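Working notes, structure below.
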Amino acid sequence: MNDVQTQGRTGTLQVPGASLHYEVQGTGPLLLMIPGAPADAGALAGLAACLADRYTVVTYDQRGLSRSTLTGPPADTDVTVFGEDAHRLITDLGDGPAYVLGNSGGALTALELAARHPEQVRALVVHEPPLPELLPDRDHWRTVFRHVHETYLAHGAGAAMGEFITTVDGPDSAPPAMPDPSQMPPEALEMMGRIQGNLDHFLSHVLLPVLRFTPDVAALRSGPVPVTVGIGKASGEGVPVLSSRVLAERLGVEPLTFPGDHQGLATDAPACAELVHAALA
């Protein structure tokens, strides 16, 4: 693939059932970065800026979230659908292959893309993919996440997200520090508002289908795409860390330690950018 050279633009791509919003910055080989729900492209904006001197970085909102609006009625969405969206986006942007980074739930999309369309992926970095189906106590985690969904139905998004974050960070982790809105830049405030607007769709139609995903480890092991599994140094013993260790073991690779916790790609973007670049190289 020829290097893409597109500076600072946004676009939309029509896919079956949705219109995908994407953002492009930088010059060089294509790097597709996939955020996890309920976040959107804004969660990876700092990392994208740190890598735009070496790559044409494309970030996007996954379908049904923020600016990637549905063109039909809301429906449960699994990783297969998200993976095909990523496949169509790479196809639309160029003839591939692309470097790919997936964060949290976006890492599941990235794993599906690499397994089903390996010709489109040069190399893959997945940061803390939550894969409870790989864990030996998966039935326990199915119950836990069903309870999160039931909490949402009974008590609303705020209570359900508090429960969900505990499972992500681990039961012994301190609750995340809430930023002072008066100290946040306008773009961060705007993103926080978008994420709040995503919670109902995420809890209703994304959470349970996505967390039943099992990656095709055999296809990934036998395929041509090198996969790096990242784990945050400060992350607790929640589902993303536990399942990332299992995934790395099954792929026969050593996990790569990143600074920060589950949100480290956003909070420690400059240091994480160097690790991502080294891993992709």
Side-chain angles (χ1 to χ4, degrees), residues 10-25 32-48 57-90 92-93 100-113 126-131 145 148-149 152-153 156-158 160-165 167-168 176 184 186-213 240 262-263 265-266:
T10 63
T12 57
L13 175 65
Q14 301 300 317
V15 296
S19 176
L20 300 182
H21 167 91
Y22 64 89
E23 302 173 358
V24 186
Q25 61 178 300
L32 180 68
M33 303 205 308
I34 310 174
D40 60 26
L44 297 175
L47 186 66
V57 185
V58 177
T59 54
Y60 70 106
D61 303 346
Q62 296 207 84
R63 69 164 59 212
L65 303 171
S66 297
R67 298 151 296 190
S68 286
T69 54
L70 300 175
T71 55
D76 287 357
T77 309
D78 62 21
V79 175
T80 301
V81 174
F82 286 131
E84 286 303 298
D85 286 346
H87 158 63
R88 291 186 176 99
L89 183 55
I90 291 175
D92 186 69
L93 290 165
V100 179
L101 167 80
N103 182 48
S104 189
L108 311 189
T109 301
L111 289 166
E112 175 71 2
L113 173 68
V126 289
H127 183 265
E128 295 202 358
L131 292 161
F145 288 115
V148 171
H149 182 69
Y152 165 68
L153 296 176
M161 286 305 295
E163 216 175 287
F164 174 69
I165 290 169
T167 68
V168 169
M184 296 173 66
E187 59 271 18
L189 281 171
E190 183 180 340
M191 181 185 68
M192 292 300 294
R194 293 196 305 266
I195 291 174
Q196 286 294 318
N198 290 337
L199 295 183
D200 286 315
H201 181 73
F202 169 68
L203 292 164
S204 296
H205 298 295
V206 177
L207 175 70
L208 293 183
V210 162
L211 291 177
R212 294 298 292 270
F213 171 69
H262 193 62
Q263 307 302 325
L265 296 185

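None of these values were measured; they are calculated from a predicted model. Heavy atoms only: backbone and side chains are in, while hydrogens, waters and symmetry mates are out.
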Q) To the nearest 0.5 Å, how far apart are CZ in R212 and CG in L207? A) 11.5 Å
Q) Do I195 and F202 have side-chain heavy atoms sitting under 4.5 Å apart? A) no
(Q) Looking at every non-hydrogen atom in both residues, tell me the closest pair between M161 and P38 and how far apart they are. (A) CE-CG, 4.2 Å
Q. Could you give the distance from CG (L113) to CG (D85), rounded to the nearest 0.5 Å?
A. 11.0 Å
Q: Mark yes or no for whether T59, through its side chain, and M33, through its backbone, hold a donor-acceptor pair below 3.5 Å.
A: no
Q. Distance from L32 atom CG to Y60 atom OH, nearest 0.5 Å?
A. 5.5 Å
Q) Is there a side-chain contact (heavy atoms from CB on, under 4.5 Å) between F213 and D78 once you walk through the steps? A) CA-CA 8 Å; F213 171 69; D78 62 21; over 6 Å; no
**Q.** Distance in Å, Y22 OH paired with T12 OG1, rounded so as to fall on 0.5 Å steps
**A.** 7.0 Å
(Q) My understanding is that only residues two or more places apart in sequence, or in another chain, count here; which of them pass side chain to side chain donor-acceptor pair (under 3.5 Å) with D40? (A) S66, R194
Q) Rounded to the nearest 0.5 Å, how far does NE2 of H205 lie from CG of L70? A) 8.5 Å
Q. Taking all non-hydrogen atoms of both residues, which atom of S19 and which atom of Q14 are closest, and how far apart?
A. OG-NE2, 3.0 Å
Q.
To the nearest 0.5 Å, what is the distance between CD1 on I34 and CG on L89?
A. 8.5 Å
Q: Would you please name every residue forming a ring pair (Phe, Tyr, Trp, His ring centres under 6.0 Å) with H21, sequence neighbours left out?
A: none
Q: Apply salt bridge (Lys or Arg N to Asp or Glu O under 4.0 Å) to R88 and list each qualifying residue two or more places apart in sequence or on a separate chain.
A: none
Q. Within the side chain of D200, is there an N or O that forms a donor-acceptor pair under 3.5 Å with the backbone of L203?
A. no
(Q) Using every non-hydrogen atom in the two residues, find where D61 and A41 come nearest and quote the distance to one decimal. (A) OD1-N, 2.9 Å
Q: Considering non-hydrogen atoms only, spot the tightest contact between P209 and T77 and give its length.
A: CB-O, 3.4 Å
Q: Quick one: list whatever passes ring pair (Phe, Tyr, Trp, His ring centres under 6.0 Å) with H149, sequence neighbours left out.
A: none
Report, one line per pair, each donor and acceptor closer than 3.5 Å where one atom sits in a side chain of residues 102-109; sequence neighbours left out.
from : atom 1 : to   : atom 2 : distance (Å)
N103 : OD1    : H127 : ND1    : 2.9
S104 : OG     : H262 : NE2    : 2.9
T109 : OG1    : Q62  : OE1    : 3.0

(Q) Testing the basics here: between H201 and G64, what is the closest heavy-atom pair and its distance to 0.1 Å? (A) CD2-O, 3.4 Å
Q. Does the side chain of L47 come within less than 4.5 Å of L101's, by heavy atoms?
A. yes
(Q) Suppose we screen for side chain to side chain donor-acceptor pair (under 3.5 Å). Which residues come up paired with D92, at least two apart in sequence or across chains? (A) none
Q: Please name the pair of heavy atoms, one in A39 and one in L65, separated by the smallest distance, quoted to 0.1 Å.
A: O-CD1, 4.0 Å
Q.
Under a 3.5 Å threshold, yes or no: a donor from one side chain and an acceptor from the other, between S204 and Y152?
A. yes
**Q.** Check: E112 and F82 side chains under 4.5 Å, non-hydrogen atoms
**A.** no
Q) Taking the side chain from R63 and the backbone from P16, do they hold a donor-acceptor pair closer than 3.5 Å? A) yes
Q) Looking only at atom types and distance, does a side-chain atom of T71 sit under 3.5 Å from a main-chain N or O of G17, one as donor and one as acceptor? A) yes
